[in-house]
S.K.: 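Just passing along the structure, written as C-alpha cells.
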2 protein chains.
Amino acid sequence: MSEKVFVSAKEVADRAGVSRSAVSRTFTPGASVSAETRRRVLEAAEALGYHVNELARGLMRNESGIVCLIVSDVATPYRSALLRELTLLLQKAGKVAMLINTDRSDGSVDRALRQAIRYRADASIILSGMPDRSIAQLCLRSGQRLVLINRDDEQPGPLRINLDDYEAAGRVVTAFVRAGCRKLAFANSEVGTPSLMARERGFVAAANALGMEVSVERYGWTGYDAGKVLAQRMLTHTQRPDAVFCATDLLACGFMDAARHQFSMSVPDQLCIAGFDDIEQASWSSYNLTTFAQPVSAIAFKTVDWLSRPRAENDDAIHGQSIGLHAELVWRGSIRGG
Amino acid sequence: MSEKVFVSAKEVADRAGVSRSAVSRTFTPGASVSAETRRRVLEAAEALGYHVNELARGLMRNESGIVCLIVSDVATPYRSALLRELTLLLQKAGKVAMLINTDRSDGSVDRALRQAIRYRADASIILSGMPDRSIAQLCLRSGQRLVLINRDDEQPGPLRINLDDYEAAGRVVTAFVRAGCRKLAFANSEVGTPSLMARERGFVAAANALGMEVSVERYGWTGYDAGKVLAQRMLTHTQRPDAVFCATDLLACGFMDAARHQFSMSVPDQLCIAGFDDIEQASWSSYNLTTFAQPVSAIAFKTVDWLSRPRAENDDAIHGQSIGLHAELVWRGSIRGG
DNA sequence: CTTGCAACTGCACACGAGTGCAACAAAAGC
DNA sequence: GCTTTTGTTGCACTCGTGTGCAGTTGCAAG
C-alpha cells in the first residue's frame, strides 16, 4: 500500500521558494550559495526530512562511494577483525562498505565482482579466494580499483598487500631450537592458500638449513576442528614431535586442546606450539599462544589510504603496487624460554 | 587519467542493432523480447562487458536492493556469526548487504540510518544500539523497513525479534539447584542492554522464588576481559559463589579462565558456570561451556523472510510485528550432572 | 484479400541529482 | 553616473535505466 515516498530536492526547493539548483548546491561542498538561501534550504530540508539520493548523485558523478568487501567465512576471528578495521576506516574516509559473502568456490568470487560492477563500486577489496583473470581485468578497465589482501597474485593492476610469511616461518624455527626442541612438525590445512603454503615452505626450508627434518601434515579447512584432527594424527605417531607450528591460530587452539585433553601432554613442557594470526583467543589464558600478529590495522590503513589517494598517482606504477608488511612474533607461553 | 568508463545499454544497443529498450527488456525478467533479439543483445553485452547499472535501475524502480546492517563490535563471535547468516540469506534473496559499523554512542546509529536513507536502502537491520525515535519514524515514513534484533523496543512499525531471555534465565537456576549449588551469582556487564537486563532479572526472580539470594555484579563491556575482572571481584569475597550465570559467553570464558588459573578452582566441581549465546568457543574443549544457543539461523531466516514478503501483508499489523524465539539450553560440562 | 489478434519494437518521458552557461543584481572603482 | 567586478541564481542538459503507449510486423482465421 504505502509505497516508498522519499522527499526530493524539487520539493525542498518549492518549500524554500528557490530553484532546485540552489538545493543541489547547498548540499554540494564548494558550490556558490548565499548564506540566506542556504539557510532557507536547510530549514526546508530539515522540516521535510530530505536526504540526498546517493543513487542519483552516484549516477551523475560516476562515483558511488561504495566499496565492496569480498570475504568468505566472515565469522572467523581473523576475518571479522580485519572486516571491523576496514569498515571503520572506510567510513571515516566517506565511503560505505558493501559486504559480499563468498563460499569457497571460485565462481562465487567472480559473481561478487560482477555485483560490484553492477553497483558501480569505486573499489573492491578481496579477502578470500581469487577472481578469474578476465573478470579482474574487466573491473580494472571499468575504472574500478582492486585490492588483494594476502593473495600473493601476480596480476598487474590491483594493489597487493602481503605479509612476510616465508621469512616469519623461519623465525619460529629459531625459537623452537632455542627452546631445545628437536622434532619439528608443521600442521597445515588442505586449502593451499598462497600464504599458508608460504608458511609451510618457509618453515621446512629453515629447518632443513639447520639439518632438521619436518613432519608435515595437512587436513581439512583451517579451523579449530581441523586442528584437533591434525593433533590426533600427529600425536599417535611413534615419533611424537616436540614442537608444532600451526598455519593458523584456530588450528593451534584445536591442536593444543587435543594435545592437553586427549593426550594429556603439557604445553609448553612436553610440546611447544606456535600459531599465526594473533586472534583474540590466542591471548586467552587457556591458550596463551605464542603467535605471529597479522597487522590488521596496518593492512586496513594501507588499503584505505591507497583508495582515497587520487587516481593519477597510482597510474604511474602501471603494474599495480605491491605492499609487504611485517608479521611480528608475539611471545606468550606456548614456547619454552623467551 | 583513465576515468571510469562503464559500458551503457546504449552502446550495447548500437552494437546489437536494436533499440535501447530492447536491451533494457532483455535484462528485465518478464519483459517481452523475441528470442532472436535477446540472443543478439546478450552477445553484444558479453562482448562489451556490459553490466546493468543498479544505481540507475534503483533510481527508476525506487528500490535499490540494498539492505543496511547496522552493527557495533562486528568482530565479536556472536555478532559475526549473525552477520554471516544474514548476508548469506540476503544474497540468496537477491538483496545486497551494506555494512555500517557503529560505536556505542547513540548518535552513531542515527548517522547510520541517515546513510541508509541516502542510499535508499530497502530495509535496515539493527543489531546494536537504539535509533532515535524520530529517525526511526522517518525511515518508516520513507517506506524503508526496519528490523530490530534483540532490542526489545516498543516502537510501532519495525519488526522486532527477541528471545525469551527472562524465562531462559529461570531455567538455569533450576539446573544449578539440581547440581547442588546454593550460593548463586550473576555476572553482568554495565552496558544494560534490554536483553542482558532481562537475563539478570529472570535469574534473580527465579532464585528468589526458591528462597535464594543472588549476588549480582556488573562491570565494563560484555567481553572476555570484563569476565576476568568480574571473577577477580566475585571470587575474593569471603562468601564465594558456587554457581555463576554469566550474561554472555565471552564473559563466561573470561570468568572461567580467571577462576581456574588465578584462583585454582575446578569447574564444574567447585564452581558451576553457565553462559549465553553459544559462540563457537563455548564448544572448545578448554571451556566446554553449558550455555543458551542464540538461534542465529532462525533469526536470520525470519528477518529475510519478512523482508522478502510483499509489503501489504505486513501493513495489516499496523503496530509492526513482534517475533519471539526460544533459546535452547546446550548441555556441556560446566555444570555438574545433566 | 481482409480482418483480427498477439507479439514485438521504439519513442519519449520519468527518476533525482550535478553543473556549464548566461542572465542578473549588487557593490566597488573611477 | 557609468563601468567593471564579483557573487548568485535559474535554465537546460546530462547521467543510465524502466515503462506506458503507439506503431509495426507476422500469422492465422474468416
Side-chain angles (χ1 to χ4, degrees), chain A residues 3-42 44-45 48-66 117-122 142-144, chain B residues 3-42 44-45 48-66 117-122 142-144:
Chain A
E3 265 315 297
K4 294 206 197 175
V5 214
F6 289 96
V7 23
S8 77
K10 176 82 169 55
E11 305 172 45
V12 177
D14 289 349
R15 174 160 180 141
V18 298
S19 81
R20 203 187 50 69
S21 313
V23 180
S24 183
R25 283 191 248 263
T26 17
F27 290 99
T28 306
S32 159
V33 211
S34 75
E36 169 61 10
T37 310
R38 168 180 225 89
R39 195 189 57 71
R40 295 174 59 184
V41 168
L42 288 178
L48 266 50
Y50 170 74
H51 292 258
V52 175
N53 186 335
E54 294 286 350
L55 268 48
R57 172 179 276 178
L59 185 56
M60 261 303 296
R61 292 222 180 122
N62 209 9
E63 184 175 321
S64 60
I66 297 175
I117 295 184
R118 291 213 310 274
Y119 277 95
R120 299 301 188 259
D122 297 341
S142 309
Q144 185 177 124
Chain B
E3 266 314 299
K4 295 205 196 176
V5 218
F6 289 97
V7 22
S8 75
K10 177 80 169 55
E11 306 172 46
V12 178
D14 288 350
R15 174 162 179 139
V18 298
S19 81
R20 203 188 48 71
S21 310
V23 180
S24 182
R25 284 190 247 264
T26 329
F27 290 99
T28 306
S32 158
V33 210
S34 76
E36 170 61 9
T37 309
R38 166 179 228 90
R39 195 191 56 72
R40 295 174 60 185
V41 168
L42 287 178
L48 265 49
Y50 169 75
H51 291 260
V52 175
N53 186 333
E54 293 286 348
L55 268 46
R57 174 179 271 182
L59 186 56
M60 262 304 297
R61 291 217 180 131
N62 207 8
E63 184 173 324
S64 60
I66 297 176
I117 294 184
R118 292 213 310 274
Y119 276 95
R120 299 302 189 258
D122 297 342
S142 309
Q144 186 177 122

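Residue numbers begin at 1 in each chain, while the letters A, B, ... track the order of the sequences. The figures that follow rest on heavy atoms only: side chains count, while hydrogens, waters and symmetry mates do not.
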S.K.: Below 4.0 angstrom from OP1 or OP2 of D:dT9, is there any side-chain N or O of A:Thr37?
M.R.: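 Affirmative; the distance criterion is met.
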
S.K.: Side chain of B:Ser24 only, please: which of D:dG18, D:dG10, C:dG18 is the nearest?
M.R.: D:dG18

S.K.: Could you tell me which residues satisfy salt bridge (charged side-chain N to carboxylate O under 4.0 Å, His left out) with B:Arg15, sequence neighbours excluded, listed by chain and number?
M.R.: none

S.K.: Quick one: which of C:dG16, C:dA17, D:dT8 gets closest to the side chain of A:Leu59?
M.R.: C:dG16

S.K.: Tell me: CZ of B:Arg25 to C1' of C:dA12, nearest whole Å?
M.R.: 12 Å

S.K.: Looking at C:dT9, C:dG10, D:dT17, which one has an atom nearest to any side-chain atom of B:Val33?
M.R.: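 Among C:dT9, C:dG10, D:dT17, the one nearest the side chain of B:Val33 is C:dT9.
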
S.K.: Between A:Thr37 and A:Thr26, does the side chain to side chain contact (heavy atoms under 4.5 Å, CB included) criterion hold? Intermediate values first, please.
M.R.: CA-CA 8 Å; A:Thr37 310; A:Thr26 17; 5.9 Å; no

S.K.: Starting at CG of B:Asn53 and ending at P of C:dG16, how long is that distance when rounded to a whole Å?
M.R.: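 From B:Asn53 CG to C:dG16 P: 16 Å.
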
S.K.: Taking all heavy atoms of A:Arg120 and all of B:Val7, pick out the closest pair and write down the distance.
M.R.: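 Heavy atoms only, the tightest pair is NH2-O, 3.9 Å.
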
S.K.: What are the two closest non-hydrogen atoms of B:Ser24 and B:Thr28, and how far apart are they?
M.R.: O-OG1, 2.8 Å

S.K.: State the CD-CZ distance between B:Gln144 and A:Phe6, to the nearest 0.5 angstrom.
M.R.: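 Between atom CD of B:Gln144 and atom CZ of A:Phe6 there are 6.0 Å.
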
S.K.: How many Å lie between CZ on A:Arg57 and P on D:dC15, as a whole number?
M.R.: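 Rounded to whole Å, this separation is 19 Å.
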
S.K.: Considering all heavy atoms of both residues, which atom of B:Tyr119 and which atom of A:Leu55 are nearest to each other, and what is their separation?
M.R.: O-CD1, 3.4 Å

S.K.: Can you find a side chain N or O atom of B:Tyr50 that sits less than 4.0 Å from OP1 or OP2 on D:dT17?
M.R.: yes

S.K.: Please report, rounded to the nearest Å, how far the C1' atom of D:dG16 is from the OH atom of A:Tyr119.
M.R.: 15 Å

S.K.: Starting from P on C:dG16, measure out to CE on B:Met60 and report it in whole angstrom.
M.R.: 10 Å

S.K.: Within this structure, what is the CG-to-P distance between A:Leu48 and C:dG16, rounded to whole angstrom?
M.R.: 14 Å

S.K.: Compare every heavy atom of B:Arg40 with every heavy atom of B:Ala16, then report the nearest pair and how far apart it is.
M.R.: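 Nearest pair, atom of B:Ala16 first, then B:Arg40: O-NH2, 2.7 Å.
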
S.K.: D:dG16 P sits how many Å from A:Asn62 CG, rounded?
M.R.: 7 Å

S.K.: Heavy atoms under 4.0 Å, any strand shown: does A:Val23 hit a base, just sugar-phosphate, or nothing?
M.R.: nothing

S.K.: Starting at CZ of B:Arg20 and ending at C1' of C:dC11, how long is that distance when rounded to a whole Å?
M.R.: 10 Å

S.K.: The helix from C:dC1-D:dG30 to C:dC30-D:dG1: angle between its terminal axes, five pairs each, to 10°?
M.R.: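 About 50°, once rounded to a multiple of 10°.
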
S.K.: State, to 0.1 Å, how close B:Ala56 and A:Leu59 come at their nearest heavy-atom pair, and which atoms those are.
M.R.: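 In this case the closest contact between B:Ala56 and A:Leu59 is CB-CD1, 3.9 Å.
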
S.K.: Check each residue of residues 8-17 of chain B for a non-hydrogen atom within less than 4.0 Å of any atom in DNA chain C, then write out the ones that pass by number, or none.
M.R.: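 Those residues whose heavy atoms fall under 4.0 Å from DNA chain C, taken from residues 8-17 of chain B, amount to none.
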
S.K.: For B:Arg57 versus B:Phe27, what's the shortest heavy-atom pair and its separation?
M.R.: NH2-O, 3.0 Å

S.K.: For a quick test of reading the model: is some side-chain N or O of B:Ser34 closer than 4.0 Å to OP1 or OP2 of C:dT9?
M.R.: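 B:Ser34 to C:dT9 OP1/OP2: side-chain N or O found under 4.0 Å.
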
S.K.: Nearest 0.5 Å, please: how far is CZ in B:Arg118 from NE2 in A:His51?
M.R.: 8.5 Å

S.K.: Return whichever of B:Ala56 or B:Ser21 has its heavy-atom-nearest nucleotide of DNA chain C closer to the 5' end.
M.R.: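 Its nearest nucleotide being more 5', the pick is B:Ser21.
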
